[in-house]
Participant: 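First the structure, then my questions, so here it is.
Here is how names work: the chains are called A, B, and so on, in the same order as the sequence lines, proteins then strands, and each is numbered from 1.
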Protein chains: 2
Amino acid sequence: MGRAVTLGDVSRHVGLSVATVSRVLSGSPRVRQATRDQVLRAADELGYSANLSARALKTQRTDMLGVVFPDINNEFYRELLTGINDEAHAAGRHLMVEFGPGPRWQSLRPQDYLFGGRIDALILLNLGLPMDFLRDLAGRGTPLVLMDRPAPGVPAATVRLENVAGADAAMSHLLEHGYRRIAVLRGPGDSYDANERWRGCERALRRFGVELDHNLIWEAGFYEAYAYTATQRWLADHDAPEAILALNDAMAIGALHALREHGLSVPQDVALVGFDDVDCAKHLGLTTVHCPIRQMGQAAARAALNLMATDEPAAFYREEVLDTHLIVRTSCGCVPDDNPISQRPPINAVSRLEKKHARPVRPEV
Amino acid sequence: MGRAVTLGDVSRHVGLSVATVSRVLSGSPRVRQATRDQVLRAADELGYSANLSARALKTQRTDMLGVVFPDINNEFYRELLTGINDEAHAAGRHLMVEFGPGPRWQSLRPQDYLFGGRIDALILLNLGLPMDFLRDLAGRGTPLVLMDRPAPGVPAATVRLENVAGADAAMSHLLEHGYRRIAVLRGPGDSYDANERWRGCERALRRFGVELDHNLIWEAGFYEAYAYTATQRWLADHDAPEAILALNDAMAIGALHALREHGLSVPQDVALVGFDDVDCAKHLGLTTVHCPIRQMGQAAARAALNLMATDEPAAFYREEVLDTHLIVRTSCGCVPDDNPISQRPPINAVSRLEKKHARPVRPEV
DNA sequence: TAAACTGATGTAAACGTTTTCACTGCGGTT
DNA sequence: AACCGCAGTGAAAACGTTTACATCAGTTTA
């Protein structure tokens, strides 16, 4: 139950000054070998472990990277986090993560994002913060890395996805299938990502000479539930489109549920394509745009570490853009040859109508 | 770029002592209103934010909860984390999370789990740590909460799931379906969870008078890949069982993929039941045992906060067990009436044989 | 042999807080 | 008039480190 063992305890135990003990423990060369051994033995014996608050206070370094996310219940962010964590660990750094509740973060001042000085660098996920806010934040001496949204004029490194090309590829694929009445489930207009992805769609449509039907652009929050209602509402009094391009996978899943409830099959009745390639997409057979999310996290962490190590002003405006590409599975109507797992429907359950009142039976093997 | 604003800066700015400024900022009543206003204005103007390392050093409190996980790429743990986070936030605390790489943590000493004194309490997920290790850890003055595994004799609060009853329910359900040749995909023998869940299976089998076939007990790591190979290997030279009970959802998904590759449908050819009720289970229509994972996280955080506030020795041995229950979807062969979304297969893609060489066509709406 | 260097250690200041204690006026009791 | 209490404030110590500087013994060098 006692309080933690300090340097003082160790020094008293071996009859040396705290300075010497500190030197041993931080690997300074200016110590006799015998002394070193003696100190290490004592430290081990007493179960010493450095007080990192004290160290941080003195050295002004914490070996921590701060990460702020809107939400952890989102596979995209979690995968990103894994990437950041991997890279941070490899460099002997640890993470200080703060995930949502998003709105709360919006009401904070720049300095509140700095974890009270407990971090050496900050990685931010697009939280919809205004540019001058970011500029203020970036000017406070803690290196800043932004993900997903470029911030011109802000001295912060940026890492983001090639959203335009990805969306273009997805839309082009549907157009090559021959579909023309294609609904687009796009994210909110104030999201940079959402706008970029939509730009990709537009580009493909223009290239194919398809004129766009504004009724088929469904704007919704980037979450399953919103997409579900949006699709639901449309289907209530319109014919289903030939295809739906959802600009993230969560929305694709929402649309899928709505389609099912209207008795529509994917891809026979309506083709469906997503964006992100979250884990579940593989199991569902969802054709989607693969994003190297984990690598993006790693890149962000590397950028942060790099910023901590350099004074080079150019580094503070570096921008890294990661490639995306389409993964063809079954939901678009293709039956690809190169991905055996997704060639079949996930669970071939009997339909409700056929078996509603049937008793469970032992199936033949 | 400058260094952060300190109390000293603020005090100099207003011509008062740091003591007074500190008092204002920590809400002490012994300050004149005029002074208070003046200080707050100055602090705001200068963008002051307290150095938490210094505060922690002085007060010996950090308002941080430490959490150690084997792995973040696991929906079970992530959901748990969300619960912990919610509860911690509600109490004005923050989290310091360390996830994997598991094996690295195994090689650390007890004091290395304490985040260098940067946490006020520690929540541990079963990392396979030996009892005397836990006892040492618990004796170091930082309140300890263990999840998933009771640790008799260790002064730590425990929160875990009712695994036995859950597994019993799942197995019973399959037995009520009439299945008798039921394979069990169980977790590793050194996992407490795995053993508990297996005990539940045994109990149900015994109650139904079914004698167990040791060939049908497949032991594998709690991950998709292991379950996939285990199932794969069995199907290579045996008849498929009538049903598979996977003792976590990741394993169920692994088994599902293996079954598909052997051309077997779920549930027509083989029934499948999982355990955990991860998010994806809903989309897949997987019948599984629902675990209140988030609530478990909340309970753990509450236990930690409680331990920090009390000296009551009994609290340090408190054990909380959360209920589980079966969620019936389609994968077991039932077609439940109460869950419209899961009554249909996730994506009704055409089978490979039918359409392999077909050109994409515009489907009729 | 004195001066200069070297290697090992100790001393003490500093990092930014919080908090105990002491001090100063000042109004109200005896 | 001497006393007390009290509200408001400041001085200073402490938390556990790291590190520049001082010390000191034992070399080496001139």
Participant: Donor-acceptor check, side chain of B:D112 to backbone of B:R109, threshold 3.5 angstrom: yes or no?
Facilitator: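 Yes, because the side chain of B:D112 sits within donor-acceptor range (under 3.5 Å) of the backbone of B:R109.
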Participant: Using a 4.0 Å heavy-atom cut-off, does B:S26 contact any base of the nucleic acid, only the sugar-phosphate backbone, or nothing at all?
Facilitator: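 Touches nothing.
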Participant: Would you mind telling me which of C:dT18, C:dA12, D:dG16 lies closest to the side-chain atoms of A:L57?
Facilitator: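 My answer, after comparing the listed nucleotides, is D:dG16.
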Participant: Examine the side chains of A:E98 and B:H89 and answer whether a donor and an acceptor come within less than 3.5 Å of each other.
Facilitator: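 Their side chains do contain a donor-acceptor pair, which is all the 3.5 Å distance test asks for.
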Participant: Starting from Watson-Crick (N1-N3 plus N6-O4 or O6-N4) and G-U wobble pairs under 3.5 Å, report the runs of at least three that DNA chain D belongs to.
Facilitator: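 Detected stem regions: C:1-30 with D:1-30.
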Participant: Calculate, to the nearest 0.5 Å, the distance between atoms CG and CG belonging to B:L161 and B:D193 respectively.
Facilitator: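 CG of B:D193 is found 7.0 Å from CG of B:L161.
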Participant: Heavy atoms only, 4.0 Å cut-off, all strands: where does A:R55 land among base, sugar-phosphate and nothing?
Facilitator: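 Sugar-phosphate, no base atom in range.
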Participant: Find the distance A:R36:CZ to C:dA8:P and express it as a whole number of Å.
Facilitator: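 That distance rounds to 10 Å.
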Participant: From B:D86 CG over to B:L81 CG, what is the distance, rounded to the nearest 0.5 angstrom?
Facilitator: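 Spacing of CG (B:D86) from CG (B:L81) equals 9.5 Å.
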Participant: So what does B:R30 touch, heavy atoms closer than 4.0 Å: a base, only the sugar-phosphate, or nothing?
Facilitator: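 Base, at least one base heavy atom under 4.0 Å.
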Participant: Is a donor-acceptor contact shorter than 3.5 angstrom present between the side chain of B:R3 and the base of C:dG16?
Facilitator: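 When only heavy-atom distances are counted, B:R3 does not reach the base of C:dG16 through any donor-acceptor pair under 3.5 Å.
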Participant: Just the rounded figure in Å: distance from C1' of C:dT17 to CG of A:N51.
Facilitator: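 Rounding to the nearest Å, CG of A:N51 and C1' of C:dT17 are 13 Å apart.
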Participant: Output the single nucleotide from D:dG10, C:dG16, D:dT9 whose closest atom is nearest the side chain of B:A19.
Facilitator: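 Shortest atom-to-atom distance from the side chain points to D:dG10.
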Participant: Looking only at side-chain atoms of B:T20, point me to the closest of C:dG16, D:dG10, C:dT9.
Facilitator: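 Per side-chain heavy atoms of B:T20, the pick is D:dG10.
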Participant: Would you say the side-chain atoms of B:T62 pair up with the backbone N or O of B:R118, donor to acceptor, closer than 3.5 Å?
Facilitator: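 Side chain of B:T62 to backbone of B:R118: a pair is present.
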Participant: Give the ring-plane orientation class for A:F133 versus A:Y113, where under 30° counts as parallel, over 60° as perpendicular and anything between as tilted.
Facilitator: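 Rings of A:F133 and A:Y113: perpendicular, as their planes differ by over 60°.
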Participant: Whole angstrom is fine here: how far is it from CG in B:L52 over to P in C:dT18?
Facilitator: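 Rounded to whole Å, this separation is 9 Å.
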Participant: Measure CZ/A:R61 against P/D:dT17 and give the value in whole Å, please.
Facilitator: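 After rounding, the gap between these two atoms is 17 Å.
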Participant: Output the rounded distance in Å from OH (A:Y48) to P (D:dG16).
Facilitator: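 Answer to the nearest Å: 10 Å.
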Participant: Of all the choices, C:dT11, D:dT17, C:dT20, which nucleotide is nearest to the side chain of A:S17 once you look at every atom?
Facilitator: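 Between C:dT11, D:dT17, C:dT20, the one nearest the side chain of A:S17 would be C:dT11.
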Participant: Could you please name the option among D:dT17, C:dA8, C:dT17 that lies closest to any side-chain atom of A:T6?
Facilitator: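 My answer, after comparing the listed nucleotides, is D:dT17.
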Participant: Pick the closest DNA chain D nucleotide for A:S53 and for B:P29 by heavy atoms, then say which residue is nearer the 5' end.
Facilitator: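 This one resolves to B:P29.
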Participant: Tell me the interatomic distance from A:Q111, atom CD, to C:dG16, atom C1', rounded to whole angstroms.
Facilitator: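 Roughly 17 Å, once rounded to whole Å.
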Participant: May I have the distance from A:L25 (atom CG) to D:dT19 (atom C1'), rounded to whole angstrom?
Facilitator: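 Whole-Å distance recorded here is 15 Å.
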Participant: Counting side-chain heavy atoms from CB outward, which of D:dG10, D:dT18, C:dT18 is closest to A:T59?
Facilitator: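 The listed nucleotide nearest to A:T59's side chain is D:dT18.
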Participant: State, yes or no, whether a side-chain contact exists between B:R149 and B:L124 at a heavy-atom distance under 4.5 Å.
Facilitator: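 A side-chain contact under 4.5 Å is absent here.
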Participant: How long is the straight-line distance from CG of B:N51 back to NZ of B:K58, given to the nearest 0.5 Å?
Facilitator: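 Rounded to the nearest 0.5 Å, the NZ-CG separation comes to 14.5 Å.
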Participant: With a 4.0 Å limit, can you tell me whether B:T35 has a side-chain N or O closer than that to the phosphate oxygens OP1/OP2 of D:dG8?
Facilitator: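 So the side chain of B:T35 is outside the cut-off, no N or O lying under 4.0 Å from OP1 or OP2 of D:dG8.
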Participant: Using the side-chain heavy atoms of A:K58, tell me which of these nucleotides is nearest: D:dC15, C:dT9, C:dA14.
Facilitator: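 Given the options D:dC15, C:dT9, C:dA14, the side chain of A:K58 is closest to C:dA14.
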Participant: Please pick, from D:dT17, D:dT9, C:dC15, the nucleotide with the shortest atom-to-atom distance to any side-chain atom of A:Q60.
Facilitator: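 Comparing D:dT17, D:dT9, C:dC15 against the side chain of A:Q60, the answer is C:dC15.
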Participant: Please work out if A:L16 contacts a base, only the sugar-phosphate, or nothing of the nucleic acid, heavy-atom cut-off 4.0 Å.
Facilitator: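 Here A:L16 touches the backbone only, sparing every base.
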Participant: Starting from C1' on D:dA20, measure out to CZ on A:R23 and report it in whole angstrom.
Facilitator: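 It works out to 10 Å between those atoms.
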